[in-house]
Every structure is written in C-alpha cells, then in structure tokens.
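Written out below as structure tokens is the structure these notes cover.
Indexing begins at 1, ligand by ligand and atom by atom, following the structure's order.
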Amino acid sequence: MTVITLISSNKCFGGLQKIYSHKSKELDCEMKFAIFLPAAAADEKLPVVYWLSGLTCNETNFIQKAGAQRYASEQGLIVVCPDTSPRGVNLPGEDDSWDFGSGAGFYVDATKDPWSKHYKMFSYVTQELIDVINNNFPTVPDKQSIMGHSMGGHGALICALKNPGLYKSVSAFAPISNPTKCPWGLKAFGGYFGEESKDEWKNWDASELVAGYNGPPLELYVDQGSEDSFLKDGQLLPNNLVEACKVAQFPCVLNMREGYDHSYFYIASFIGEHLAYHARHLK
Ligand SMILES: N[C@@H](CCC(=O)N[C@@H](CSC=O)C(=O)NCC(=O)O)C(=O)O
C-alpha cells in the first residue's frame, strides 16, 4: 500500500483540510494532494468529489480560494485536489513557460519523449490517486464525481468521457473545451503527443470524444463567465463543445454567468451549486 505523509492539517467548517505527499508510481516522482474531510467522515464512509485545477496551480489554490469546504461539510462530501503536473523531474524546459510542463500537465498521458516518462496525469488521476484515496480514507469506493477549472475543467471532462461509469457526474468551470483548436491546447498537445501525431490528439479532446462515448447516461455540466479574458482570446471555445454535443445528442448544460471572469472569485460564486449538483448524483 502507498505510504502517505501528512504535511498539514487545519480545522475548517467542522472538518479537516489536509495536505499529504506520496511517491507516485505512475509519475515517478513525489506528489502532493489536498483532501477535505467533513466532520461526518469520522463516523461514516462518504462519497468523493475530485477537483482538477488549472494552469499554474498546485494543490493549494483551490483549497485556499474556492470556499468549497463550507458546502462540502453541508453535503457530506470528501473533496480531493491533486497537483497539476509532475514536479521536480528535471526534464529539459519543464519550467520554461507557465502553460507547458510544470503546472500544466493537461491531465493527459504524454506519448512523446521526454515527457512520456513522467507526464501521465490522466492515469494518475483516474487510477493511482483513486486507489490512494480509497485505501487511506473513509470513502464509498464506487461513489465519486469529478470537476475542475480551465485546464482542469477539460481534464475533468476527459476523465469522465474516457472512463464511462467511473464518475457519477462531471462538471467544469470555464474549461478549455476544444484543446485541438486553441493556442494553449496546440502547444500542450504538440509537446506531449508530437506534431506528427494529430490523430492521437483527438483522443484527448472533449469536443471530439463526445461522439464516441458509450456508457451510462452522463451530462456535461459546464459554467462560463461572460467577461472571461481567456474566453475572448479564443482559448476556451465552449460553443464548440455545445455544438459537438448537439451533433452527438450528448446531454450538455452551459450556464453563462453574466459579468464573471476566469478567477477564483468566479469559482467561489458557483462552487456551492456545483457541489450540490454532484451531491444529487452521489447520494
Ligand atoms: N499566468 C497567467 C495566468 C494563469 C491563470 O490564470 N491560471 C488560472 C487557470 S488558467 C487555465 O487553466 C488559475 O487558476 N490561476 C491560479 C489562481 O489562483 O488564480 C497569465 O499571466 O496570464
């Protein structure tokens, strides 16, 4: 069993907000994750919601800025937030830019050298991390959902679409909805899969994956602020996802939030709604 090491523990809304580290076999490096355990976790097994953060984040941004603990306590949900990439693996160029490499793992399994040795965030999140959490905390193992923001919003969508039935529900704040068609995605997929492997790119793009989904009923529950600068820059492309879902007859809800931007102020404003959405699917 994986050894986990406690880094910090803070009482919050009656529960405990903790951070742990562990040696990841999948990523071949030390990784940290945050976990919020509501007070109810002392007496009973609870469902888990996984949160995937965006570019430049680590395991701390969400737990310090989103205000999720109050709602997780009310709903009786454990919330887990991993880091966004392998760390300290000494690949050439890993720290050169904020939108590729460290802090920008895109929740994919890289196939291109040298990234393929460590950058396997998809397998880490959907397999290894789930095992670590279920083996060490009072969870109901088959009751989990996933959500995220921006790069992590798209990460949540592909984790659910590529693993039918693994998650009871999925939601996303301002996801990078069609990475094969936006500058962030072109850079990341070019690096992690190679410019020569464009067919492979489609297997990691939510707007492409909806057409081939074959599993239990699933809805994509998506939020987007109208004043998001990255929306205006063409990085997020939510309408491409909506259109792809329409063509594939895949259930998709897009909540446009008038006046909100891309920040954690926006996430904090709607995190309660998202956790209530997941609680309905998990109870
Ligand atoms: N450094 C960048 C901005 C980076 C940024 O806004 N990151 C977002 C996620 S963007 C998509 O994945 C984020 O969550 N930041 C962390 C936070 O705590 O706000 C720039 O200068 O433009």
Just need the protein heavy atom nearest to [atom], so name the residue and atom and give the distance.
{"atom": "atom 6 (O) of ligand 1", "value": "Phe230 CE1, 3.7 Å"}
{"atom": "atom 18 (O) of ligand 1", "value": "Lys65 NZ, 2.6 Å"}
{"atom": "atom 7 (N) of ligand 1", "value": "Leu55 O, 3.0 Å"}
{"atom": "atom 20 (C) of ligand 1", "value": "Trp98 CZ2, 4.0 Å"}
{"atom": "atom 15 (N) of ligand 1", "value": "Thr56 OG1, 3.6 Å"}

Within a 6.0 Å radius of atom NZ on Lys32, are there more than 12 heavy atoms belonging to other residues, nucleotides or ligands?
no
Will you find, in the side chains of Glu243 and Asn240, an N or O donor that is under 3.5 Å from an N or O acceptor?
no
Between His278 and Ser171, a side-chain donor and acceptor under 3.5 Å
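Ser171 and His278 do have a side-chain donor-acceptor pair below 3.5 Å.
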Could you tell me whether Gly152 and ligand 1 have an N or O pair separated by under 3.5 Å?
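By distance alone, the answer is no.
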Closest approach of Val89 and Cys29, non-hydrogen atoms and distance?
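In terms of heavy atoms, the two residues are closest at CG1-CB, 3.6 Å.
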If I take atom CG from residue Asp109 and atom OH from residue Tyr124, how far apart are they, to the nearest 0.5 angstrom?
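If I round to the nearest 0.5 Å, the distance is 13.5 Å.
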Interfacing atoms of ligand 1 (cut-off 4.0 Å, heavy-atom, Met151)
11 (C), 12 (O)
Check each atom of ligand 1 against the heavy atoms of His262 and keep those under 4.0 Å away; list them by number with element.
10 (S), 11 (C)
With a 4.0 Å cut-off on heavy atoms, is Cys57 touching ligand 1?
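Yes, that is the case, since the closest heavy atom of the residue is under 4.0 Å from the ligand.
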Lys/Arg-Asp/Glu bridge criterion (N-O < 4.0 Å) met for Arg257, Glu273
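Judged by the 4.0 Å cut-off on N to carboxylate O distance, Arg257 and Glu273 do form a salt bridge.
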Heavy atoms only: which of Ser229, Pro175, Ser150 is nearest to atom 10 (S) of ligand 1?
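The residue whose heavy atom sits nearest atom 10 (S) of ligand 1 is Ser150.
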Compare all side-chain heavy atoms of Val3 with those of Lys23 and state whether any distance is below 4.5 angstrom.
no
